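In what follows, a structure is listed as structure tokens, so that the remarks can point back to it.
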Protein chains: 2
Amino acid sequence: MGGTEPAEARPEIDRRRLPPEERQQQIVDEAVRFFAEVGLDGKTRELARRLGVTQSLIFKYFETKQDLIEAVYGRVYLERISPDWPTLICDRSRPIGERMSIFYRDYGSRIFDHDWMRIFMFSGLAGAELNKRYLTHLSKTLLEPLLKEIRVAASSPSEPTLEDLWSLHGGIVYLGIRQHIYRMPTPEDPQHEIDRAIGRFLGSFDVEGP
Amino acid sequence: MGGTEPAEARPEIDRRRLPPEERQQQIVDEAVRFFAEVGLDGKTRELARRLGVTQSLIFKYFETKQDLIEAVYGRVYLERISPDWPTLICDRSRPIGERMSIFYRDYGSRIFDHDWMRIFMFSGLAGAELNKRYLTHLSKTLLEPLLKEIRVAASSPSEPTLEDLWSLHGGIVYLGIRQHIYRMPTPEDPQHEIDRAIGRFLGSFDVEGP
DNA sequence: CGCTTTAATGATCGATCGATGAACAAGATC
DNA sequence: GATCTTGTTCATCGATCGATCATTAAAGCG
């Protein structure tokens, strides 16, 4: 076998002298994967090794390591919440069960992500303010409107509370925690489990599920 | 005011030359609090400072930092699962709703703990094998028997699955995550929220809740 | 007290950390 | 191809890490 030239077989990026924006983006991309794997205490020399560049180059694009971490936060938090969700949640032309199913399917497709899940947990443990802001924003713009819609749809005398919704939410998020933080086996079809949880939740308030 | 001697006012331990077992235990105790706060990358010098001893003393009792971390694991995982729970779960003289309420009340009182919650998360992110063993043990000895009991009590044609139970469990655990990992405000009376979640869960299988 | 034991300290090692600045070289322009 | 710009490397700094070991001094005992 053989005959092909083994030279330059590395599929890695060995090109040098990239445009600054491109290089900066490349560093952040790799930093997301790197910090997600080893934590925010990961060493810049190891990150540079993965990038195939020298450690000092990183500090040409980010003054301090903390600046790089902030850039990682910005990248990873971006596009994690869709602007379409408030509209979807309040679309009363569709049954609430369907709305919740679609919402949590989209939500799950965005947050059941290895890098996001772990960096969110690392930054939460580190006391980053972004976590609190994210969760507060989630509660105000998504859970509270969702609660209102469920109450409107509910004919039951007992109404759900925001904490009830947090409980449902936690049960769903826990799927991602089991998978990406604890690395435990999880269901092949999480949407099925999510729909069952939504169904149980709505059913207990006499609302039809998805 | 005054008149009292300010000398030796330090309530801290400044006594030297403790019995080895006592000193070792003291180090582990403080290490639990310390690592829970700053993570497993916490520095031994900072830990020694909190203990009021020199850094080198720590290495008289633990050959390596990893040994100390293992001791912290052992301490913090100890007594976290009660041997009484399997008996309680299978005690059919009591309604299943009551059994679940009592179980999760006891369970919550043990795991809704700042140090446990954070060290469990830190070690999970670090890939410690103890997390997987803990969760597997939890599933085998508690959730699976609980599932069996619910199925026995359920008269509904649709039976709960183990994943359904994980969803309930996750919703409950998420209370502790919100409190101790994300440091967000949580309900004053978590037991009330837990009982509501149990009630919704059992209700969806036509079983009376707590 | 004088002696022994050993818990605890103080000094320090080699490795590694984040960060800096001079030297180098790839690529564009003429 | 000579020149200039600037992305990248190389060498290195001071600080700090986990870990080691000789020294010190507190407690137990005759």
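If you're wondering where the values come from, they're calculated on a predicted model, not measured in any experiment. Each chain gets a letter, A, B and so on, in the order the sequences are listed, and its residues count up from 1.
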Measure from [atom1] on [X] to [atom2] on [N] and round the result to the nearest Å.
X	N	atom1	atom2	result
A/Gln24	D/dT8	CD	C1'	15 Å
B/Phe35	D/dG18	CZ	C1'	12 Å
B/Lys43	D/dG18	NZ	C1'	10 Å
B/Leu40	D/dG18	CG	C1'	15 Å
B/Leu51	C/dA7	CG	C1'	15 Å
A/Ile69	C/dC17	CD1	C1'	14 Å
B/Leu68	D/dC17	CG	P	15 Å
B/Phe34	D/dG18	CZ	P	9 Å

- Enumerate the residues from residues 54-61 of chain A whose closest heavy atom to DNA chain C is under 4.0 Å, giving them by residue number; use none for an empty result. A/Gln55, A/Ser56, A/Phe59, A/Lys60
So, is [X] near the phosphate of [N], with a side-chain N or O under 4.0 Å from OP1 or OP2?
X	N	value
B/Arg16	D/dA26	yes
A/Arg17	D/dT6	no
B/Lys65	D/dG18	yes

- A/Phe112 ring center within less than 6.0 Å of A/Tyr107 ring center: no
- Query: Can a donor-acceptor pair be found between the side chains of A/Glu70 and A/Gln66 at a distance below 3.5 Å?
  - Reply: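 A/Glu70 vs A/Gln66: donor-acceptor pair found between side chains.
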- Message: I'd like to know if A/Arg33 pairs up with A/Asp115 as an ion pair, taking the criterion as any Lys NZ or Arg NE/NH1/NH2 lying under 4.0 Å from an Asp or Glu carboxylate oxygen.
- Response: no
- With a 4.0 Å cut-off, would you call A/Arg50 and A/Glu46 a salt bridge? yes
- Non-neighbouring partners of A/Phe59 that pass side chain to side chain contact (heavy atoms under 4.5 Å, CB included), sequence neighbours left out: A/Thr44, A/Gln55
- Query: Of all residues at least two apart in sequence or in a different chain, which pass the side chain to side chain contact (heavy atoms under 4.5 Å, CB included) check with B/Arg183?
  - Reply: A/Lys132, B/Glu37, B/His114, B/Arg118
- Item | Closest listed nucleotide, where the reference is the side chain of B/Thr64 and the choices are C/dC17, D/dA26, D/dA19 |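 Side chain of B/Thr64 sits closest to D/dA19.
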- Message: Check this for me: does the side-chain of B/Arg45 come within 3.5 Å of the base of D/dG18 through a donor and an acceptor?
- Response: yes
- Item | Flag side-chain contact, heavy atom, 4.5 Å: A/Pro187 against A/His192 |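 Of all side-chain heavy-atom pairs linking A/His192 with A/Pro187, none is under 4.5 Å.
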